[in-house]
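Data first, discussion second: the structure below is written as structure tokens.
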2 protein chains.
Amino acid sequence: MIKIDPTSFIPLYEQVQTGLRREIALGALKPGATLPSIRDLATALLINPNTVARAYGDLERDGLITTRKGRGCFVSEDSGTMPERDKIKRLDGLFEAAIQDARKAGADPSEIRRVFEDRLRSVFAEHGKRRTS
Amino acid sequence: MIKIDPTSFIPLYEQVQTGLRREIALGALKPGATLPSIRDLATALLINPNTVARAYGDLERDGLITTRKGRGCFVSEDSGTMPERDKIKRLDGLFEAAIQDARKAGADPSEIRRVFEDRLRSVFAEHGKRRTS
DNA sequence: ATTACTGTATTAATAATATAATACAGTATT
DNA sequence: AATACTGTATTATATTATTAATACAGTAAT
């Protein structure tokens with residue numbers, strides 16, 4: 001099963017998410033498969049059920065899993081339609097290349113992140129706002 | 001002069017930073033030029049001087065500007081030595097391409113960000129930890 | 001030395017985020 | 001309907017990040 005590092009600065013729910021994404025992408029969790037229940041996984045990972053619930057919620061929002069109250073959570077049938085899986089693999093490649101280039105150019109992570117976030121915003125223009133004032 | 005969006009979820013100091021980086025990269029602020037004083041810029045942008053100070057501090061840490069107590073802040077002489085400027089332009093291009101591809105593939109921003117952060121971490125492996133326990 | 005500017009440092013208030021405790025609600029089996 | 005599982009919602013707490021208030025210190029001109 002997936003593993004998490006409680007001493008990492010990466011939020012637990014993200015670690016859980018990433019782990020599951022990987023298992024789904026790699027086919028270890030096939031379409032239709034039942035995911036471990038929120039409580040079970042939480043117990044196994046020694047974290048709070050809500051933390052797992054959040055990870056599951058994000059995965060559902062992304063269409064990777066579906067959830068049925070009282071029944072459980074299941075890997076989406078179309079999660080293996082490949083577009084998703086291939087997409088992630090391709091994205092991985094794209095960014096790996098860009099980041100490697102950036103590093104070679106002498107850029108540090110925060111600098112790279114800044115450039116990335118800038119581009120992301122300009123490409124997707126118009127997103128979340130806060131502070132209604 | 002640069003503009004900021006106080007309703008954005010992006011921190012003010014980052015917006016200031018990004019704006020100045022752009023002006024420097026594009027040559028609107030040439031090497032040796034005097035930047036607006038911290039207080040002046042803060043007043044103009046209707047934000048707290050400390051917020052501008054933080055942005056300036058980050059820029060200095062990155063060698064883009066130099067600061068002389070009591071005198072003011074100046075664009076570094078070597079900020080136009082091109083490595084920095086070209087680097088940013090190249091990075092911009094790299095990520096713009098990757099992000100455009102990702103968008104075309106149907107990925108949403110959070111998904112793209114996730115892939116990016118994953119790759120960033122793996123490329124730069126070994127960084128900050130927290131929670132000494 | 002006074003004035004009027006510079007940037008800097010300390011500390012406090014606020015907002016955002018991550019995690020947890022706990023109670024709620026649905027489903028299935030008996 | 002009772003039990004024992006599911007996921008969900010509400011609320012509280014701790015931590016971190018962001019912004020602000022304020023006092024400090026350097027430079028230069030008068």
Side-chain angles (χ1 to χ4, degrees), chain A residues 4-18 20 32-61 64-76 110 113-114 117 127-133, chain B residues 4-18 20 32-61 64-76 110 113-114 117 127-133:
Chain A
I4 62 176
D5 172 8
T7 74
S8 165
F9 64 87
I10 301 160
L12 299 176
Y13 74 89
E14 270 196 41
Q15 296 186 47
V16 172
Q17 225 181 113
T18 302
L20 292 173
T34 305
L35 292 165
S37 87
I38 288 178
R39 286 177 183 77
D40 281 356
L41 186 52
T43 305
L45 299 177
L46 301 174
I47 62 182
N48 191 284
N50 287 321
T51 304
V52 175
R54 164 144 189 203
Y56 277 24
D58 286 352
L59 293 174
E60 176 168 43
R61 187 178 37 65
L64 234 69
I65 71 178
T66 71
T67 168
R68 274 176 286 177
K69 207 168 170 181
R71 301 289 318 285
C73 294
F74 309 86
V75 178
S76 298
S110 67
R113 183 177 288 113
R114 193 158 38 231
E117 291 290 342
H127 262 276
K129 299 279 187 175
R130 65 170 177 180
R131 288 212 205 84
T132 50
S133 73
Chain B
I4 62 176
D5 171 8
T7 74
S8 165
F9 63 88
I10 303 158
L12 299 176
Y13 74 87
E14 270 196 41
Q15 296 185 49
V16 172
Q17 225 181 112
T18 302
L20 292 173
T34 306
L35 291 166
S37 87
I38 287 177
R39 286 177 183 75
D40 282 357
L41 186 52
T43 305
L45 298 177
L46 302 173
I47 62 182
N48 191 283
N50 287 321
T51 305
V52 175
R54 164 144 188 202
Y56 278 24
D58 286 353
L59 293 174
E60 176 169 42
R61 187 179 37 68
L64 235 69
I65 71 176
T66 72
T67 168
R68 272 176 286 177
K69 206 166 170 181
R71 301 288 319 285
C73 293
F74 310 86
V75 178
S76 298
S110 68
R113 184 177 289 114
R114 191 157 39 232
E117 291 290 343
H127 264 277
K129 298 279 187 174
R130 65 170 174 179
R131 287 210 205 84
T132 50
S133 72

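All chains are named by letter (A, B, ...) in the order of the sequence lines, taking the proteins before the strands, and each is independently numbered beginning at 1.
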Protein-nucleotides 8-14 of chain C N/O pairs under 3.5 Å:
unit_1 : atom_1 : unit_2 : atom_2 : d
C:dA9  : N6     : B:N50  : OD1    : 2.9

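The interatomic distance linking B:I65 (CD1) with C:dG7 (C1') rounds to 11 Å, in whole Å. When rounded to the nearest whole Å, the span between CG of B:D58 and P of D:dA17 equals 13 Å. Residue B:I47 contributes atom CD1, which lies 12 Å from atom P of D:dA21 at whole-angstrom precision. We find that CD of A:Q15 is positioned 19 Å from P of C:dT17, with the value rounded to whole Å. Taking atom CZ of residue B:R54 and atom P of nucleotide C:dG7, one finds them 18 Å apart after rounding to whole Å. Protein atom CG of A:L35 is 12 Å distant from nucleotide atom C1' of D:dG7, rounded to whole Å. Distance B:Y13 OH to C:dA15 P: 17 Å, rounded to the nearest Å. Going from atom CG of A:L45 over to atom P of C:dT19 covers 12 Å, rounded to whole Å.
Taking 4.0 angstrom as the limit, A:R71 places a side-chain polar atom (N or O) nearer than this to OP1 or OP2 of C:dA28. A:T51 has a side-chain polar atom (N or O) that falls below the 4.0 Å cut-off from OP1 or OP2 of C:dA20. Not one side-chain nitrogen or oxygen of B:R68 sits closer than 4.0 Å to the OP1 or OP2 atom of D:dG26.
The shortest non-hydrogen separation linking A:A55 to A:Q17 is O-CG, 3.9 Å.
The side chain of B:N48 has D:dA21 as its nearest neighbour among C:dT19, C:dT6, D:dA21.
From B:T51, atom OG1 reaches atom CG of B:L12 across 6.0 Å, with rounding to the nearest 0.5 Å.
Side-chain contact between A:I47 and A:V16 is present, with heavy atoms from C-beta onward closer than 4.5 Å.
Counting only distance, with no hydrogens or angles, the side chain of A:S76 and the backbone of A:L64 share a donor-acceptor pair below 3.5 Å.
Comparing B:L46 and B:G70 along DNA chain D, the residue whose closest nucleotide (by nearest heavy atom) sits nearer the 5' end is B:L46.
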Walk me through it: do A:Y56 and A:T67 pass the test side-chain contact (heavy atoms from CB on, under 4.5 Å)?
CA-CA 8 Å; A:Y56 277 24; A:T67 168; over 6 Å; no

